[in-house]
> 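Structure below; questions to follow.
Bear in mind the structure is a predicted one, so any value in this text is a computation, not a measurement. Residue numbering restarts at 1 for every chain, and letters A, B, ... go by the order of the sequence lines.
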Amino acid sequence: RKEVEQDPGPFNVPEGATVAFNCTYSNSASQSFFWYRQDCRKEPKLLMSVYSSGNEDGRFTAQLNRASQYISLLIRDSKLSDSATYLCVVTNSGYSTLTFGKGTMLLVSP
Amino acid sequence: DAGVIQSPRHEVTEMGQEVTLRCKPISGHNSLFWYRQTMMRGLELLIYFNNNVPIDDSGMPEDRFSAKMPNASFSTLKIQPSEPRDSAVYFCASSPQVGEKLFFGSGTQLSVL
């Protein structure tokens with residue numbers, strides 16, 4: 001099993017749609033979780049951290065399910081500018097280095 | 001505030017040549033990371049430093065790759081000799097401490113012909 005697995009997509013959605021991505025991780029000792037966003041030919045940038053109780057930032061909601069070892073990202077009211085690749089990121093064990101999934105591509109169309 | 005600065009942005013070289021990539025982390029960050037990104041393998045951690053000391057270089061592909069961090073504000077990743085399969089985008093990132101969120105540089109697009 002890969003350390004961090006994501007559906008590569010692409011997810012094609014119209015503007016205004018709600019879309020959700022899941023990510024599974026293999027190391028039950030992982031402590032920190034993040035979602036990063038990467039635009040084409042750009043560097044990854046932090047979108048949001050993921051907390052055990054779940055957290056929301058505007059149109060974005062992140063949730064963590066430790067029992068099933070998955071993380072989710074929900075985007076409401078999709079905008080054209082949300083088109084990007086979304087990377088799931090997990091610490092290897094404890095507070096160690098970060099392991100990146102390969103990303104899920106989102107394409108939002110008019 | 002200046003972010004992580006990498007140079008060059010693009011590098012085209014011939015097989016067998018030496019390539020040196022450079023990185024200036026964010027001031028005050030104690031951890032520095034070198035990643036490589038390809039379509040097939042995604043983002044792979046090559047090596048990371050904590051307080052200028054290499055901690056884990058298990059991701060370095062082979063002896064042709066080496067990295068140094070002579071001080072808190074500068075790091076290099078060197079490939080000698082370079083091979084076509086080294087073609088990728090190389091990112092440098094820094095964080096206040098290991099395990100915290102990463103801040104990436106703009107990357108170096110390396111093409112080895």
> Restricting to non-hydrogen atoms, name the atom on B:K101 and the atom on A:L46 that form the minimum distance, rounded to 0.1 Å.
CD-CD2, 3.1 Å
> State which residues pass salt bridge (charged side-chain N to carboxylate O under 4.0 Å, His left out) with A:D57; sequence neighbours excluded, sorted by chain then number.
none
> Are there over 12 heavy-atom neighbours, none belonging to B:M69, within less than 6.0 Å of that residue's CE?
yes
> For B:E14, does the CD atom have more than 12 heavy-atom neighbours from other residues, nucleotides or ligands under 6.0 Å away?
no
> With a 4.5 angstrom heavy-atom cut-off, could you sort out which part of B:I55 is near chain A: side chain, backbone, both or neither?
neither
> Determine whether more than 12 heavy atoms belonging to other residues, nucleotides or ligands lie under 6.0 Å from atom CD of A:Q63.
no
> Could you state the interatomic distance from OH (B:Y48) to CG (A:L98), rounded to the nearest 0.5 Å?
10.5 Å
> Could you tell me whether a side-chain N or O of A:K102 sits under 3.5 Å from a main-chain N or O of B:M40, the two making a donor and an acceptor?
yes
> For atom CG of B:N71, is the number of surrounding heavy atoms from other residues, nucleotides or ligands below 6.0 Å larger than 12?
yes
> Answer whether the closest heavy-atom distance between the side chains of B:D56 and A:T97 falls below 4.5 Å.
no
> Check whether A:F34 and B:L43 end up in the same hydrophobic cluster, where Ile, Leu, Val, Met, Phe, Trp and Tyr are linked by side-chain heavy atoms less than 4.5 Å apart.
yes
> Is it the backbone or the side chain of B:Q37 that comes under 4.5 Å from a heavy atom of chain A, or both, or neither?
side chain
> If you apply the rule ring-ring contact (aromatic ring centres under 6.0 Å, His included), what do you find for A:Y36 with B:F91, and how did you get there?
CA-CA 14 Å; A:Y36 276 69; B:F91 287 106; over 10 Å; no
